[in-house]
Amino acid sequence: MTNTPAQSPVPRFFKSSYSEGSGNACIEVAIQPTTVLIRDSKDLRVAPFGVSPSAWSAFVTHTAS
């Protein structure tokens with residue numbers, strides 16, 4: 001018998017608070033313990049890509065200034 005790691009929960013994506021109101025230009029993010037997943041809300045066929053939490057923090061800090 002082998003031990004298998006517990007499956008990670010399904011990522012919960014949310015839209016950026018700065019997304020365009022008409023829904024034409026939206027990204028969604030899902031915060032995970034070791035990765036921030038980013039996807040295009042208009043094309044869910046494309047897999048999300050992941051960045052480190054520190055990279056995401058740097059991006060958010062840079063875009064907010």
Side-chain angles (χ1 to χ4, degrees):
M1 178 181 232
T2 60
N3 290 332
T4 57
Q7 290 189 12
S8 61
V10 175
R12 293 184 180 260
F13 283 89
F14 61 92
K15 287 189 181 181
S16 165
S17 61
Y18 290 99
S19 292
E20 185 179 294
S22 65
N24 292 328
C26 298
I27 64 163
E28 296 177 330
V29 297
I31 308 298
Q32 301 288 293
T34 60
T35 306
V36 177
L37 300 172
I38 305 161
R39 71 180 181 186
D40 180 352
S41 63
K42 295 182 301 179
D43 191 357
L44 300 179
R45 296 172 297 155
V46 177
F49 67 94
V51 297
S52 70
S54 61
W56 179 250
S57 178
F59 170 75
V60 170
T61 299
H62 177 74
T63 57
S65 60

query: In chain order, what residues pass the side chain to side chain donor-acceptor pair (under 3.5 Å) check against Ser52, with sequence neighbours excluded?
result: Ser54
message: Tell me whether Leu44 shares a hydrophobic cluster with Phe14, the cluster being built from Ile, Leu, Val, Met, Phe, Trp, Tyr side chains joined at under 4.5 Å.
response: no
field: Phe13: side-chain contact (heavy atoms from CB on, under 4.5 Å) partners, not counting sequence neighbours
entry: Pro11, Glu28, Ala30, Leu37, Arg39, Pro48
- line: Sorted by chain and residue number, the side chain to side chain donor-acceptor pair (under 3.5 Å) partners of Thr34 (sequence neighbours excluded) come out as none
Throw together a table of side-chain donor-acceptor distances under 3.5 angstrom for residues 57-65, partners on residues two or more places apart or in other chains.
unit_1: Thr61; atom_1: OG1; unit_2: Ser57; atom_2: O; d: 2.9
unit_1: Thr63; atom_1: OG1; unit_2: Phe59; atom_2: O; d: 3.1
unit_1: Thr63; atom_1: OG1; unit_2: Val60; atom_2: O; d: 3.1
unit_1: Ser65; atom_1: OG; unit_2: His62; atom_2: O; d: 2.9

- prompt: How would you list all residue pairs meeting salt bridge (Lys or Arg N to Asp or Glu O under 4.0 Å) that involve residues 43-65, not counting sequence neighbours?
  reply: Asp43-Arg45
query: Does Val36 belong to the same Ile/Leu/Val/Met/Phe/Trp/Tyr cluster as Val46, with side-chain heavy atoms less than 4.5 Å apart forming each link?
result: no
field: Linked, directly or transitively: Ile27 and Ile31 (ILVMFWY side chains, under 4.5 Å)
entry: yes
